[in-house]
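A quick write-up on the structure given underneath.
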Amino acid sequence: MRKVNKKNDENAENSDFIKAFKGKLFGVLRWKQLDDLWDIVKHDKVEGWYLYAIGEPIPTEKTKGERLNMFIDEINGLLRREHKEDYCGVVYTDNLNSPRLIKVFDPNNLGTSCSIATEAPLPSWVICKMKPEELSKNTVQTASRRRWWQGIFN
């Protein structure tokens, strides 16, 4: 049986990442809003962003410059190809004009509106300013998504 260390659990719940992850988020409903959000992320040439695929190892360094631009172009292309709607609705952020955390849900893994979970579903990818923390040890990306993710940086 695993011992629960309440102090460590409380510290994890109070981290900047967990606060932002569980905090108030705004849905990116229109494709134009997504374009604007990506422009903000791409123009951050100095600080960079952590790119975290849930189920993959937690990134230890921020991504910036051409690698960041390449990732944004790839994920934007994936969303537009696979979410064939006239609205976006699969991206959420803590601030549309000055984001620190962005959740991206996989259009092919949205579940159903009928399923009721005790916890909110996890996104497939998190783009954030603060160092991410593991969100689920049980989440496994599909083989095709894992190849897509690994192919971006290889």
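All of these numbers come straight from a predicted model, not from anything done at the bench.
At distances below 3.5 Å, at least one donor-acceptor pair connects side-chain atoms of His83 with backbone N or O atoms of Cys88. The main-chain N or O of Arg30 is found under 3.5 Å from a side-chain atom of Gln33 such that the two form a donor-acceptor pair. The main-chain N or O of Leu101 is found under 3.5 Å from a side-chain atom of Asp94 such that the two form a donor-acceptor pair.
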Stepwise side chain to side chain contact (heavy atoms under 4.5 Å, CB included) check, Trp38 with Ile127: CA-CA 11 Å; Trp38 292 150; Ile127 304 163; 3.8 Å; yes
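Here His43 contributes atom NE2 and Asn69 contributes atom CG; the two are 8.0 Å apart, rounded to the nearest 0.5 Å. Ile72 CD1 to Leu37 CG: the interatomic distance, rounded to the nearest 0.5 Å, is 8.0 Å. Distance check, rounded to the nearest 0.5 Å: CG of Asn76 to CH2 of Trp31 gives 7.5 Å. Taking CG of Leu135 as the reference point, atom NZ of Lys22 lies at 9.0 Å (rounded to 0.5 Å).
Considering only heavy atoms from C-beta on, Leu51 stays 4.5 Å or farther from Ile75 through its side chain. No side-chain heavy atom of Asn95 sits under 4.5 Å from any side-chain heavy atom of Arg100. Between Trp49 and Leu68 there is a side-chain heavy-atom pair separated by less than 4.5 Å. Side-chain atoms of Trp125 and Val91, non-hydrogen and from C-beta on, never get closer than 4.5 Å to each other. Looking at Val126 and Pro132, their side chains never come closer than 4.5 Å, going by heavy atoms from C-beta outward. Within the 4.5 Å cutoff, the side chain of Tyr50 has no heavy atoms near those of the Ile58 side chain. Two residues are said to be in side-chain contact when any heavy atoms from C-beta on lie closer than 4.5 Å; Phe21 and Lys103 meet this criterion. Two residues are said to be in side-chain contact when any heavy atoms from C-beta on lie closer than 4.5 Å; Leu79 and Pro107 meet this criterion.
Electrostatic pairing of Glu47 and Lys64 does not count as a salt bridge here, judged by no charged N lying under 4.0 Å from a carboxylate O. Electrostatic pairing of Asp73 and Lys42 counts as a salt bridge here, judged by a charged N lying under 4.0 Å from a carboxylate O.
By the rule that hydrophobic residues join a cluster once side-chain heavy atoms approach within less than 4.5 Å of another member, Tyr87 and Val104 end up as members of separate clusters. Under the 4.5 Å side-chain heavy-atom criterion for grouping Ile, Leu, Val, Met, Phe, Trp and Tyr, Leu96 is connected to Leu34 within one hydrophobic cluster. The same ILVMFWY cluster, assembled from side-chain heavy atoms under 4.5 Å apart, contains both Leu78 and Met70. One hydrophobic cluster, built from ILVMFWY side chains closer than 4.5 Å, cannot hold both Tyr92 and Ile40; they sit in different ones. A continuous path of Ile, Leu, Val, Met, Phe, Trp and Tyr side chains, each step under 4.5 Å between heavy atoms, connects Val41 with Met130, placing both in one hydrophobic cluster.
Other residues, nucleotides and ligands contribute at most 12 non-hydrogen atoms within 6.0 Å of the CD atom of Glu66. More than 12 heavy atoms of other shown residues, nucleotides or ligands fall within 6.0 angstrom of atom CD in Glu85.
Nearest heavy-atom pair, Glu134 versus Tyr52, reported as atom, atom and distance to 0.1 Å: CA-OH, 3.5 Å.
Cation-pi check for Lys131 over Phe17 is not met; the charged atom does not lie both under 6.0 angstrom from the ring centroid and within 45 degrees of its normal.
Applying the salt bridge (Lys or Arg N to Asp or Glu O under 4.0 Å) rule to pairs touching residues 31-41 yields Lys32-Asp36, Asp35-Arg80, sequence neighbours excluded.
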